[in-house]
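Below is one structure, written out as structure tokens; the observations come after it.
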Amino acid sequence: MSSEPISLDKALASFTECWSPRIVTTVNDYDVRIARFEGEHVWHVHEDTDEFFLVLDGEVHLGLREPDGERTVVLARGSVFTVPRGTYHKPSAPGRAEVLLFEPTGTLSVGDRHEEVPDHVDVTTGHALS
């Protein structure tokens, strides 16, 4: 954890990969991660934790599989949404988007269960900022 302020603009400028989150800082037992989204991620579920999304730039679509059926939540720049634990979800972005995520340290980017992971999706618990 840094004892100095962290510029999210500089942190985002330090990498170009999509679907490959970077850990900006930690808060108690949680990681604050930033990521670029473009195209589609995979359907996945986090059984024991909620997942918080804050769209810093662009637009993010979150497909959700809920008891009443499937729906898509559209998040514009500045929007926040929390996917409840145990809910299958699939993030996607029609263009490049920048997102801040808040989840427990060690949480895999593809959850506890997921569909087949394509090459463009990084299976990680988050990378350190360079």
Side-chain angles (χ1 to χ4, degrees):
M1 179 169 13
S2 175
S3 61
E4 295 299 320
I6 297 167
S7 161
L8 290 181
D9 288 336
K10 286 182 182 176
L12 283 159
S14 72
F15 67 100
T16 58
E17 300 86 0
C18 290
W19 307 116
S20 184
R22 300 305 194 265
I23 301 168
V24 177
T25 191
T26 57
V27 179
N28 298 316
D29 297 331
Y30 282 76
D31 288 340
V32 177
R33 302 176 186 175
I34 53 172
R36 285 199 168 76
F37 291 7
E38 189 170 18
E40 296 191 355
H41 199 264
V42 296
W43 282 105
H44 66 284
V45 63
H46 303 280
E47 295 291 355
D48 300 317
T49 185
D50 302 332
E51 187 172 18
F52 173 86
F53 294 81
L54 164 62
V55 178
L56 302 170
D57 196 27
E59 181 178 279
V60 171
H61 298 187
L62 289 173
L64 301 170
R65 290 183 179 156
E66 300 172 312
D68 293 340
E70 229 173 77
R71 71 179 175 123
T72 300
V73 174
V74 177
L75 304 174
R77 182 178 185 267
S79 297
V80 300
F81 188 81
T82 301
V83 175
R85 69 190 73 203
T87 302
Y88 268 95
H89 57 289
K90 181 179 185 176
S92 64
R96 186 151 294 198
E98 295 172 344
V99 180
L100 183 139
L101 304 150
F102 190 72
E103 52 199 347
T105 299
T107 300
L108 267 177
S109 60
V110 294
D112 302 309
R113 287 183 285 132
H114 53 81
E115 63 185 8
E116 187 173 337
V117 180
D119 290 341
H120 72 275
V121 173
D122 185 8
V123 178
T124 181
T125 56
H127 300 284
L129 282 175
S130 44

Between Leu108 and Val121, is there a shared hydrophobic cluster once you connect ILVMFWY residues whose side-chain heavy atoms come closer than 4.5 Å? yes
So CZ of Phe53 and CG of Leu75: to nearest 0.5 Å the spacing works out to 8.0 Å
As an exercise, state the distance from CG of Leu8 to CG of Leu54, rounded to the nearest 0.5 Å. 9.0 Å
Residues at least two apart in sequence or cross-chain that pass side-chain contact (heavy atoms from CB on, under 4.5 Å) with Val42, listed by chain then number, are His44, Val110, His114, Glu115, Pro118
Shared hydrophobic cluster, Phe37 / Trp43 (ILVMFWY, side-chain heavy atoms < 4.5 Å): no
Check the pair Asp57 / Leu12 against side-chain contact (heavy atoms from CB on, under 4.5 Å), numbers first and verdict last. CA-CA 11 Å; Asp57 196 27; Leu12 283 159; over 6 Å; no
Name the atoms and distances for all side-chain donor-acceptor pairs under 3.5 Å in residues 92-102, with sequence neighbours left out.
unit_1 : atom_1 : unit_2 : atom_2 : d
Arg96  : NE     : Glu38  : OE1    : 3.2
Arg96  : NH1    : Thr16  : O      : 3.4
Arg96  : NH2    : Glu38  : OE1    : 3.2

Distance alone, cut at 3.5 Å: any donor-acceptor contact between the side chains of Thr105 and Asp29? no
I need the full list of side-chain hydrogen bond (donor to acceptor under 3.5 Å, both in side chains) pairs touching residues 73-83, with sequence neighbours left out, sorted by first then second residue. none
Answer yes or no: is there a side-chain heavy-atom contact under 4.5 Å between Ser20 and His127? yes
Main-chain N/O of Arg85 paired to Asp50 side chain as donor or acceptor, under 3.5 Å: yes
Do Val24 and Phe52 belong together in a cluster built from hydrophobic side chains that touch within less than 4.5 Å? yes
Side chains of residues 63-71: which donor-acceptor partners sit under 3.5 Å, not counting sequence neighbours?
unit_1 : atom_1 : unit_2 : atom_2 : d
Arg65  : NE     : Glu70  : OE2    : 3.1
Glu66  : OE1    : Arg71  : NE     : 2.6
Glu66  : OE2    : Arg71  : NE     : 3.3
Glu66  : OE2    : Arg71  : NH2    : 3.2

Which heavy atom of Ser14 sits nearest a heavy atom of Leu129, and at what distance? OG-CD2, 3.8 Å
Among the clusters formed by ILVMFWY side chains lying less than 4.5 Å apart, do Val80 and Val60 turn up in the same one? no
Would you give the length of the straight line joining atom SG of Cys18 to atom CG of Asp122, rounded to the nearest 0.5 angstrom? 11.5 Å
Thr124 side, atom OG1; Ile23 side, atom CD1 - distance, nearest 0.5 Å: 7.0 Å
Sequence neighbours excluded, the answer for side-chain contact (heavy atoms from CB on, under 4.5 Å) partners of Thr107 is Arg33, His46, Thr49, Glu103, Pro104
Please examine the side chains of Arg22 and Arg36, heavy atoms only from C-beta on, and report whether any two atoms are closer than 4.5 Å. no
Which pair of heavy atoms, one from Ile34 and one from Ala11, lies closest together, and at what distance? CD1-CB, 3.5 Å
Could you tell me if Glu51 and His89 have a donor-acceptor pair between their side chains, going purely by distance under 3.5 Å? yes
So, using side-chain contact (heavy atoms from CB on, under 4.5 Å) as the criterion, who are the partners of Glu116 when residues are at least two apart? none
State whether the number of non-hydrogen atoms from other residues, nucleotides or ligands found under 6.0 Å of Tyr30 atom OH is greater than 12. no
